[in-house]
Amino acid sequence: MPAGGGRPLDLRKDEPYLVYDRFDFDIPIGEAGDTCDRYMVRMEEMRQSLRIIEQAIATLPGGPINIDDPRFILPPKSRSTGTSRR
């Protein structure tokens with residue numbers, strides 16, 4: 001039974017994979033199992049996902065995020081659109 005039904009079930013906690021064991025997040029649990037309860041659980045799941053994303057961003061190293069290779073990144077707009085516009 002999923003978390004909306006009152007039981008905590010989340011593989012990221014039960015059997016952590018990738019880097020989920022490094023993040024602090026809660027498993028939302030519903031009590032009634034009705035439509036409203038499932039909705040509230042989904043909303044909290046989104047909040048917890050945001051919490052994970054914020055923690056992941058905080059661990060990123062500083063510096064440029066784009067590779068310096070024109071085969072993989074678009075040129076600046078000034079180079080691609082030209083200087084004159086009609």
Side-chain angles (χ1 to χ4, degrees):
M1 184 177 289
R7 287 187 48 215
L9 178 63
D10 195 322
L11 288 177
R12 298 171 298 178
K13 288 271 191 181
D14 298 336
E15 298 176 28
Y17 56 94
L18 299 176
V19 295
Y20 283 107
D21 57 341
R22 300 182 201 164
F23 301 129
D24 180 35
F25 61 95
D26 299 322
I27 303 171
I29 301 171
E31 295 175 11
D34 61 355
T35 302
C36 181
D37 204 28
R38 288 192 301 270
Y39 171 79
M40 297 305 288
V41 167
R42 298 300 172 262
M43 296 302 290
E44 186 58 28
E45 284 175 344
M46 287 188 276
R47 288 184 195 97
Q48 293 303 316
S49 293
L50 181 58
R51 189 172 163 193
I52 292 169
I53 291 167
E54 289 170 340
Q55 292 174 63
I57 289 172
T59 65
L60 291 176
I65 58 169
N66 291 326
I67 186 169
D68 190 20
D69 188 336
R71 296 176 299 165
F72 300 106
I73 190 164
L74 295 173
K77 282 191 177 188
S78 60
R79 279 192 23 216
S80 63
T81 59
T83 55
S84 64
R85 296 188 78 160
R86 294 179 187 226

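We count residues from 1, following the sequence as given.
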Under 3.5 Å donor-acceptor, R12 side chain and Y17 backbone: no
Got a second to check how far D26's CG is from K13's NZ, nearest 0.5 Å? 6.5 Å
Answer yes or no: are there more than 12 heavy-atom neighbours, outside I73 itself, under 6.0 Å from its atom CD1? yes
Shortest non-hydrogen contact from R22 toward Q55: O-OE1, 4.4 Å
CA sep, side-chain torsions, deciding dist, call: E54, R51, salt bridge (charged side-chain N to carboxylate O under 4.0 Å, His left out): CA-CA 5 Å; E54 289 170 340; R51 189 172 163 193; over 6 Å; no
Where do I29 and V41 come nearest, in terms of heavy atoms and distance? C-CG2, 4.0 Å
My understanding is that only residues two or more places apart in sequence, or in another chain, count here; which of them pass side-chain contact (heavy atoms from CB on, under 4.5 Å) with D69? I67, R71, F72
I want to check something: taking the side chain as every heavy atom from C-beta on, are I52 and Y20 in contact at a cut-off of under 4.5 Å? yes
In Å and rounded to the nearest 0.5 Å, what is the CE to OG1 distance from M40 to T35? 13.5 Å
Hey, what else clusters with L74 if you join Ile, Leu, Val, Met, Phe, Trp, Tyr whenever side-chain heavy atoms sit under 4.5 Å? none
Closer than 3.5 angstrom, by distance alone: can the side chain of Q48 be matched with the main-chain N or O of P28 as a donor-acceptor pair? no
Linked, directly or transitively: F23 and L18 (ILVMFWY side chains, under 4.5 Å): yes
Under the ring pair (Phe, Tyr, Trp, His ring centres under 6.0 Å) rule, collect the residues that match up with Y39, sequence neighbours excluded. none
